[in-house]
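Input: a single structure, listed below in structure tokens.
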Amino acid sequence: MTAQTLRPEEHYIEAEPYYEPVGDEIEIFEAAWRNQLPVLLKGPTGCGKTRFMEHMAWRLRRPLITVSCHDDLTASDLVGRFLVAGGETVWVDGPLARAVRCGGICYLDEIVEARKDTTVVIHPLADDRRVLPMEKRGEILRAPPEFCLAISYNPGYQSVLKDLKQSTRQRFVALEFDYPEPELERRIIEKETGLDPAMAERLVKFAHMTRNLKGSGLDEGASTRLLVQAAKLIVSGIPPVAACRAAVAEALTDDPEMLAAIHELSASLF
Amino acid sequence: MAERLAAPDPAEAPLAAEAIEARLDEHLDLVLSSRRTAAGPARELAAFSRAEQELVLRWVAVLAAAHAELAYQFASLAPRALVLMDETGVEAWARQAMDTYDRAGLYPAVAALKEVEAFAERARARAAGLALEEVAGVLERLVQGLGGRPLKVEAAEGGARPWTDTETLRLPPVLGLLPGREENFRLYKAMAVTLWAQGWFGTWRAGLAERLAGAAPAVVALYEACEALRLEACLGRLLPGVRRELAALGEALGAAPLPAPWDEAARRLAAPEASAADSLALAEAWAGRVAPPPPRPWQGEARPAEVAAVQAARIERERGELRRALAALAEEQRGPVADPIRLEAAPFRLERVEDPVLPEGFTFRLELDGQPLEPPDEVRGLMASIVQDLGEIPEEYLVPAGPGEYDAEARPPERDPRDVWKGMYHEEGACLYDEWDHRRGHYRKRWCVLRELDVHPVRDGFVERTLRRHRGLVASLRRTFEVLRGEDRLLRRQPEGEEVDIDALVEAHADAATGREMTDRLFMRKRREERSIAVMFMVDMSGSTKGWINDAEREALVLLCEALEALGDRYAIYGFSGMTRKRCELFRIKRFDEPYSEEVRARISGIRPQDYTRMGVAIRHLARMLREVEARTKLLITLSDGKPDDFDGYRGAYGIEDTRMALIEAKREGIHPFCITIDREAREYLPHMYGAVNYVIVDDVRRLPFKVSDIYRRLTS
Ligand SMILES: Nc1ncnc2c1ncn2[C@@H]1O[C@H](COP(=O)(O)OP(=O)(O)O)[C@@H](O)[C@H]1O
Ligand SMILES: [Mg+2]
């Protein structure tokens with residue numbers, strides 16, 4: 001892997017990303033940003049957190065740097081490291097350092113996936129010190145007022161290991177996300193894919209049916225993201241039942257009985 | 001695999017009646033007398049082939065182990081069964097009797113045997129059609145997905161039409177009406193979905209069940225017909241796919257068009273604003289004058305009395321549950337209320353909000369002190385269920401239960417009736433596990449009741465004494481294990497890394513200067529060789545460990561914990577024991593997420609021998625916990641002093657085979673089982689249970705404390 005040479009300064013979002021507000025999340029986020037408070041987005045996968053961040057970055061006119069966390073992510077991956085270029089060693093900032101330098105928004109997606117020792121490097125940034133220690137360089141980077149740290153976390157995980165530590169979560173202003181209300185979700189599907197309203201409404205009904213199965217064999221019901229994907233297939237001419245199977249059912253489970261039941265549900269609806 | 005008796009040579013001559021009688025007598029002795037002998041069955045059995053005779057005799061032995069009377073009844077009915085069914089059918093019939101015996105006792109089991117004709121009939125239909133048990137899982141999920149209160153799917157009593165009491169859908173055990181399995185599945189689905197619609201679209205809402213329970217049968221029959229028409233229309237609007245499927249089924253089954261005046265009634269009841277009240281009005285008006293049309297093949301039978309009983313109990317229960325849940329919610333939101341009087345002020349309100357997904361078109365938003373509140377899933381489900389029964393949530397339901405209120409009626413949460421046994425030790429928090437019966441080659445369902453208990457901590461200086469006595473060993477253990485610990489290892493000459501590898505850089509420059517290609521492997525990278533290991537220790541706490549075995553086990557655990565703490569692996573320790581399948585116990589000594597604290601040390605010291613050794617269920621439960629832990633490598637290490645053994649027949653081949661099966665299940669989950677034992681005879685059975693290399697026999701108990709840590713080190717490095 002080579003270090004990503006992102007140019008965050010060029011990473012401004014030009015066109016308004018489509019986002020339907022669900023509650024007062026836009027106002028709260030803006031207020032948190034003005035007060036230099038870090039933000040935690042809680043919620044199941046595929047309910048609009050990433051889209052919300054893109055929208056806020058556009059709204060606040062800040063560059064957005066997103067890092068998808070995983071268990072191999074090291075502190076150096078975030079902060080930076082020395083590389084050799086043209087026979088010389090040069091320091092290359094990691095995405096977090098770049099975001100701090102340019103006063104951007106750094107969004108650490110699925111933070112609990114990162115190793116615990118990686119999570120700690122964000123602590124000094126997430127309290128009122130607002131600094132990023134760069135040990136390798138013996139420097140401390142102080143964040144400008146425009147810088148914003150945002151992390152996301154899915155509280156639905158059962159595993160004790162996937163829980164966000166209190167010492168981390170208590171530094172953040174928390175925004176709770178969930179799947180949108182039926183009306184809103186229908187509108188999102190329409191706007192995102194151009195699917196006709198009647199079909200979009202059926203897709204939302206279908207999503208609710210799978211959400212009814214949460215905890216009785218499914219860990220999660222269909223997310224808005226999966227619905228948007230199913231809608232895209234339908235718009236390109238795939239029959240709805242087949243689209244639901246490919247884009248939703250198979251993504252949710254491998255259990256044959258559950259697959260059969262979800263298939264029957266969509267076959268009943270469409 | 002189950003050990004099966006070698007099939008007898010079919011060419012072998014059949015046994016004579018006397019020979020059969022002699023072998024029957026061996027097993028049936030207990031229930032035979034001068035007036036009741038095995039001569040009759042033996043005489044009849046003499047007419048069958050040797051293979052058939054052996055089959056019967058084998059099952060007589062199996063059943064007699066449960067109850068001699070069961071075996072006697074089996075032997076008497078077996079000749080008839082052999083005429084009606086092939087050998088597989090006869091085995092299924094016997095197995096079903098055994099299952100019934102396990103679940104419900106002798107009399108129902110004998111009754112099941114006596115229904116041999118019906119059983120054979122079903123077996124024939126099953127061969128052609130579709131059995132409910134094959135599709136019940138899918139159907140349950142299907143109706144759960146459709147929404148509303150969870151519904152179970154169970155077999156209706158023989159010959160009955162489908163019906164529901166609003167909590168369980170009762171469907172025919174087998175469907176063979178249509179030519180193929182797929183078509184019969186469509187019919188099952190039609191039955192399940194139309195029964196589900198009764199709850200969803202308010203067939204029994206707001207006192208209707210009670211009213212109909214007191215009505216004349218003619219009114220009930222007409223109401224059923226009217227509701228069938230109304231619900232079909234509702235379903236058609238909600239689920240166009242179901243409408244198509246019902247139409248296709250009607251055609252395939254040759255359903256006649258509706259006779260007058262039902263065609264007109266159907267049109268009226270199909271209107272979107274038609275309600276159950278309209279059905280009732282029509283039924284009452286037509287009673288005695290109009291006969292109901294022939295029921296659709298999937299049409300559910302209306303059983304208002306059964307519904308009323310279930311509903312009354314539920315309404316009463318859920319009223320209390322909601323009020324208690326709201327009290328808890330209020331406390332959670334506002335903190336404990338110092339002044340309970342404040343609660344009287346009905347702080348909860350419901351706001352109607354539109355919800356196109358629900359049949360009513362609206363749902364409720366809960367508000368506490370004027371603020372909207374997102375209720376937890378259980379509360380939401382409770383509210384939905386109440387609306388299904390009453391059509392609304394009455395004001396008084398929103399008054400949070402006061403302190404102490406309802407305690408008297410606070411029932412344990414609803415339990416699957418299948419869990420309930422007579423005279424059981426079943427308590428809150430118990431888990432049920434299947435057990436492998438090798439003689440029958442299948443699992444006994446939900447057979448063992450297991451609970452987790454805490455070891456009573458004892459602070460008697462045992463741990464300190466042990467540590468002092470083994471001071472030298474502890475120090476060397478710590479050293480050995482610390483070396484194994486996931487250390488940062490410095491990898492040189494990496495294509496990327498945190499630091500520059502100066503040696504590599506110098507070399508590369510030299511290469512470049514002499515015109516050779518310059519490598520890009522110039523970095524040093526620290527890599528955490530993380531030991532992603534989770535280990536579960538399962539410690540024998542049976543009575544046989546009494547005395548120095550128990551001491552040795554406890555010492556071993558103390559040393560082991562020292563080693564594991566140095567190593568940093570995640571570990572948990574549980575003791576197992578119990579008496580009979582109804583009281584299997586696991587004793588918590590240390591949980592995975594618990595530090596090695598003073599409390600844990602006191603629990604180790606508090607380990608005392610208990611009762612018996614039912615290993616299978618303990619392995620299943622601990623494997624389930626291991627499954628929850630995230631680690632690359634998972635180990636289940638058993639410390640034991642002998643064979644599996646329990647009071648109620650869990651011994652010999654039965655116990656060994658069940659334990660072996662539990663270990664196979666664990667291995668399938670990616671868990672590595674290992675056994676450390678002090679039983680010298682273990683070589684006879686351990687390889688069979690754990691596999692040839694997955695156990696160690698420690699010959700000298702006194703060596704156990706030293707050995708365990710050492711074995712663990714070897715296992716994991
Ligand atoms: N409120 C919303 N407004 C607009 N689109 C949304 C909204 N919520 C979800 N979506 C759609 O769902 C998709 C998945 O959302 P995403 O932000 O990737 O989810 P998350 O980051 O929570 O996993 C988006 O690409 C978008 O199409
Ligand atoms: Mg995302």
Side-chain angles (χ1 to χ4, degrees), chain A residues 1-3 23 71 74-77 79-84 87-89 115 117 135-136 158-163 176 178 181-183 186 201-202 204-218 221 240-241 255-270, chain B residues 135-148 150 185-186 189 192-193 235 238-245 353-358 372 374 377 381 495-500 502 504-505 508-509 512 518 520 522-523 525-528 530 532 534 570 591-593 628-631:
Chain A
M1 189 183 92
T2 47
D71 56 3
T74 62
S76 312
D77 289 332
V79 178
R81 55 165 54 97
F82 284 105
L83 289 179
V84 171
E88 308 227 342
T89 60
R115 292 162 34 158
D117 53 331
E135 278 165 34
K136 297 254 174 58
Q158 307 279 303
S159 158
V160 285
L161 297 168
K162 288 280 173 69
D163 214 13
E176 192 160 356
D178 204 346
E181 294 296 306
E183 263 302 305
R186 200 207 67 212
E201 188 181 325
R202 297 219 165 264
V204 173
K205 281 210 172 111
F206 175 61
H208 279 256
M209 289 178 173
T210 64
R211 290 169 198 167
N212 287 337
L213 286 164
K214 183 177 167 182
S216 325
L218 281 189
V241 176
D255 173 49
E257 280 198 336
M258 188 53 92
L259 277 174
I262 297 177
H263 178 71
E264 287 305 326
L265 287 169
S266 66
S268 303
L269 254 176
F270 291 103
Chain B
V135 297
V138 174
L139 294 174
E140 266 180 17
R141 289 173 180 77
L142 172 65
V143 291
Q144 166 116 50
L146 289 173
F185 176 76
R186 292 293 132 216
K189 180 181 170 189
V193 172
L235 277 174
L238 179 70
L239 304 167
V242 168
R243 179 173 45 212
R244 289 193 301 274
E245 288 180 6
V353 287
E354 263 185 58
D355 187 345
V357 173
L358 294 179
E374 194 59 33
D377 284 348
E496 55 167 292
E498 292 89 14
E499 258 147 272
V500 176
I502 298 294
L505 189 62
H509 272 294
M518 188 174 152
D520 62 347
L522 301 174
F523 296 92
R525 183 174 168 87
K526 263 198 215 140
R527 226 194 51 218
R528 185 68 168 252
E530 222 164 327
S532 177
R570 252 167 305 154
R591 294 189 312 264
F592 272 116
D593 56 356
E628 308 288 339
V629 178
E630 218 169 285

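Please read all numbers here as calculations on a predicted model, not as lab measurements. These values consider heavy atoms only, across backbone and side chains, with no hydrogens, waters or symmetry-generated copies. Chain identifiers are assigned alphabetically (A, B, ...) following the order of the sequence lines, protein sequences preceding nucleic acid strands; residue numbering begins at 1 within each chain.
- Contact count versus chain B (heavy atoms, under 4.5 Å) is highest, among A/L213, A/L218, A/I262, A/L259, for A/L213.
- Looking at A/K205 and B/L238, their side chains come closer than 4.5 Å, going by heavy atoms from C-beta outward.
- Top candidate by heavy-atom pairs under 4.5 Å with chain A, chosen from B/G148, B/G145, B/G241, is B/G145.
- Interface check for chain A: of the options B/L239, B/V242, B/L139, the most heavy-atom pairs under 4.5 Å are formed by B/L239.
- By number of non-hydrogen pairs under 4.5 angstrom with chain A, the leading residue of B/G137, B/A508, B/P150 is B/G137.
- For the set B/K189, B/R141, B/R243, the count of heavy-atom pairs under 4.5 angstrom toward chain A peaks at B/R141.
- Of the two parts of B/E245, only the side chain, counted from C-beta on, holds a non-hydrogen atom closer than 4.5 Å to a non-hydrogen atom of chain A.
- Interface remark: of the candidates A/R211, A/H263, A/R202, A/R202 forms the most heavy-atom pairs closer than 4.5 Å to chain B.
- None of B/V135, B/V138, B/L142 except one satisfies the side chain to side chain contact (heavy atoms under 4.5 Å, CB included) rule with A/E257; the exception is B/V138.
- Proximity of A/K136 to B/E499: side-chain heavy atoms (C-beta onward) are separated by under 4.5 Å at one or more points.
- Looking at B/R244, the atoms closer than 4.5 Å to chain A (heavy atoms on both sides) all sit in the side chain, from C-beta outward.
- Here the OG-CG distance, from A/S268 to B/L235, works out to 9.0 Å after rounding to the nearest 0.5 Å.
- When all heavy atoms of A/N212 and B/Q144 are compared, the closest pair comes out as CB-O, 3.3 Å.
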